[in-house]
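Quick note: residue numbers are just sequence positions, from 1. Atoms within each ligand, like the ligands themselves, are counted from 1 in listed order. Side chains are part of it too, since the values below use all heavy atoms of this structure and drop only hydrogens, waters and symmetry mates.
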Amino acid sequence: MLIKYKAGDVAKDLGLPNKELLEVVTKKFGEGKKYTTPLTEEELNYVFEHYTREKQVASFDEYLASAPQPKPAAPAEPLKKADGTVVELKRTGGSNIDFKAPPKKEKPAQPAQPKREVVTVRVDTRGGDVNLDKFNEKYESLAGAPTRGAAQASGGGKHGKQKVGPGGKQKFAQRNNRRGQPFKRRETEAERLQRLQLEKARKAQLKVSIPDEITVGELASRLKQTASNVIKKLMGLGVMASVSEVVDYDTAALVAEEFGAKVEHEVHVTIEERLFEDVADDPGVLEERPPVVVVMGHVDHGKTSILDAIRKTRVTAGEAGGITQAIGAYQVEAGGKAITFLDTPGHEAFTSMRARGADLTDIAVLVVAADDGIMPQTIESINHAKAAGTTIIVAINKMDKPQANPEQVKEQLTKYELVPEEWGGDTICVPVSALTGQGIPDLLENINLLAEVKELRANPNRRAKGAVVEARLDKGQGPVATILVQNGTLKKGDCIIAGTAVGRVRVMRNDKGEPIETAGPSTPVEITGLTEVPAAGDLFEAVADERLARELADQRAAKQKEEQWGSYQKVTLDNLFSQIEEGERKELPIVVKADVQGSAEAVKQSLEKISNDEVRVKVIHAGVGGISKSDVMLAAASGAIIIGFNVRPDPVAKAEAAQAEVELRMYRVIYDAINDVTDAMKGMLAPKIREVELGRIEVRNVFKISSAGTIAGSYVLDGKITRGSKIRLVRDGVVITEDEISSLRRFKDDVKEVAAGYECGVGLEKYNDIHEGDIFEAYILEEYRD
Ligand SMILES: Nc1nc2c(ncn2[C@@H]2O[C@H](COP(=O)(O)OP(=O)(O)OP(=O)(O)O)[C@@H](O)[C@H]2O)c(=O)[nH]1
């Protein structure tokens, strides 16, 4: 953009009357110029040319001599342009050029002694773009002669002689070229400095730290290279990656080395890593530890009675504390060795702890009543223990009963891969009676034997770690937790972190309620001092840095919240294929529940057959009956899905499954179940139709009406029932039939829908054998896409 240089200003700067300048312009370019009008570039050029020629000097020496003496006080007057552009000339020890007094052609008596000058041209470009070269050229063509002369003079150490063209005339082109030089040279110097600095920085070997994974863009910026340079190098290494893609440390390090950088591996240390001692114990320092035992079995087979009978053995051994047992785990002595029992009978507690990451138990005592044999929960227990990799020892209970048939129990056990020792297997079976105490010492002895075989060891000389068995909030003491030390020794006053709870062990009591100072491996203790109540199954660890522990607890709490809200990748048939593809899944555990044993077995076998090279389908439990909370917990702890065949989940199980994000799939035809799993494994599952539950209705009366058939006098338990809904008739957790509604009435009126809390009469299209207590599940089918 050109500078607006008004005719009036030009005249003023050249020390000419406005009229004269306008005349010169008008003469050349015609009428129309006023002194307020800016001159065009052409006009300006002409004016400068005109006056330069007119005021040309033959010799610069003469000119300089004639120049007026500098006025030291007078500041250099900036050259102001109409648009605010400022051109300032600063000279040190040099003379100001007085435009108003143009040099006369008279010969000076004495040439002025030019001094070394430093010229700074400052151009304020706020007004817009300025063609600097052009402007300097024009400017210096008027004012630069003495400057240049002086510069040359100083350069030569003598009075420099201005090179002039033939006939004493200066050649504009030459002058202009040279004029540009001082300005350009200064620029070059600054640039050169910058360049040198850059080169120096480049030469000093670049050090980069690279994490395990880094994006190409980030790598480029750390290497002070452009992304395309880095991409090129990557291509050279045979890696095709875009700026946003991530490369691993090895690749990134190779690229960095190609650029001559020194590479350091950047390691991210998490709080956990800083806080926890994660060194494996030297086998030499390990000492034997008591086994940790859990008791499982079918309801009423005598789990609690056995635990009580075992506890009694220590009372007879004369120990203080009696039967009053203070905490959720206790130790007994048998044959001079301690055994730790978790006093949480049943596989539910066991599995829920396992779901939280606590693998506490070494041995599971499977209680089977000798008069009853293996029952559904016995099978569940076997499968829960197996899923956890816990060794099973069978206590055949109620041996005092006349109907006791231990041989039958043993035989049944073989069906579940538990072959008794006396039959050539490796499962220890001990006949006991919790009632009489018969066989209990034998059971304990066998537990000790098994523990010996398992070579259970721990290092008592390290900071304690273990898991929470149970915890509660006590009004007086605050959070109280029963914890089991698995390794190391816990001392009173130690700082521990358990899940999101932190604190120093204030009071520590053993299983008899006695205060103790230290607790070694496999010792259950009750502690106080935690900030909050931890959950059963939370892992705890004693730490050295309380502040860091609190930070970690905060971090965990935040993560917990995030997980609650975020979508947490659980296996479902819908995401199975993507998990297989990403290599996250090598096994698909399934829990099968069916209406009859035959179907459960059939479904199990058919499902296991569809294993392929990538994924093994493993049925971890196949049972009979409705889907219960226990099934859901097993599935949650094992990352399994549940397949129901002609059965339904009970409401608790359904709620639990939704919370634990366990997929429940219900089928009426084995073929459909097999097909879905096969398709899911191939990523071809086409989820097209799903059920939307409307409500549950309970049948309270059954009326046989000749005109309308069987009518179920019902009550809507939850949700609603609509005319168009489909009905699934469920009796004792088993699906009896699926049907549609033929009539829906309230009193005598046909209605479209009935809401929860109301009674209604429901007739079914095909099915008549409705019983009191039957549950109608009302639902509709909805098409959907993922
Ligand atoms: N005759 C006989 N009865 C026993 C024996 N062990 C337990 N019982 C009885 O069996 C019933 C159930 O015993 P529990 O110990 O409560 O059984 P459990 O397995 O803990 O039952 P849940 O806690 O309900 O799962 C009780 O009435 C006991 O008295 C035994 O060895 N002999």
- Message: Give the atom numbers and elements of ligand 1 that come within less than 4.0 Å of a heavy atom of H298.
- Response: 19 (O)
- Less than 4.0 Å between a side-chain N and a carboxylate O, is that true for K386 and E417? yes
- Subset of ligand 1 atoms that lie under 4.0 Å from at least one heavy atom of K401: 1 (N)
- Item | Lys NZ or Arg CZ of R728 over Y779 ring: under 6.0 Å, within 45° | yes
- Message: Using a 3.5 Å cut-off on N or O atoms only, is V432 in polar contact with ligand 1?
- Response: no
- Among D494, I496, V480, V468, side-chain contact (heavy atoms from CB on, under 4.5 Å) partner for I527: I496
- Just go through T304, V299, N397 and tell me whose heavy atom is the nearest to atom 16 (O) of ligand 1. T304
- Task: Using distance alone, with no hydrogens and no angle criterion, decide if D308 and T304 have a side-chain donor and acceptor under 3.5 Å apart.
- Result: no
- Message: Quick check on Q403: does its CD atom have over 12 non-hydrogen neighbours (other residues, nucleotides or ligands) under 6.0 Å away?
- Response: yes
- Task: Answer with yes or no whether the side chains of H301 and D372 bring together a donor and an acceptor at under 3.5 Å.
- Result: yes
- Item | Minimum non-hydrogen distance to atom 2 (C) of ligand 1, winning option of D400, I396, T436 | D400
- Task: Consider only side-chain N and O atoms of T500 and E532, and report whether a donor and an acceptor are under 3.5 Å apart.
- Result: yes
- Check each of T427, L413, V295 against L366 using the side-chain contact (heavy atoms from CB on, under 4.5 Å) test, and report the only one that passes. L413
- Note on the structure: Here the atoms of ligand 1 under 4.0 Å from any heavy atom belonging to S305 are 6 (N), 7 (C), 13 (O), 14 (P), 15 (O), 28 (C)
- Message: Under 4.0 Å from atom 5 (C) of ligand 1, can you find at least one protein heavy atom?
- Response: yes
- Heteroatom distance test (L435, ligand 1): nitrogen or oxygen, under 3.5 angstrom: yes
- Message: Considering non-hydrogen atoms of the protein only, which is the closest contact for atom 31 (O) of ligand 1, and what is the distance?
- Response: A434 N, 2.9 Å
- Query: Nearest protein heavy-atom contact for atom 21 (O) of ligand 1: which residue, which atom, what distance?
  - Reply: D300 N, 3.1 Å
- Nearest-neighbour protein heavy atom for atom 10 (O) of ligand 1, which is reported as residue plus atom name and distance: K398 NZ, 3.1 Å
- Message: How far is atom 25 (O) of ligand 1 from the closest protein heavy atom, and which atom is that?
- Response: K303 NZ, 2.8 Å
- Message: By the definition salt bridge (Lys or Arg N to Asp or Glu O under 4.0 Å), identify the one residue from R457, R289, K454 that meets it with D362.
- Response: R289
- Message: Only heavy atoms of S433, strictly under 4.0 Å: list the atoms of ligand 1 that pass.
- Response: 31 (O)
- Task: Taking atom 27 (O) of ligand 1 as the reference point, report whether a protein heavy atom occurs under 4.0 Å from it.
- Result: no
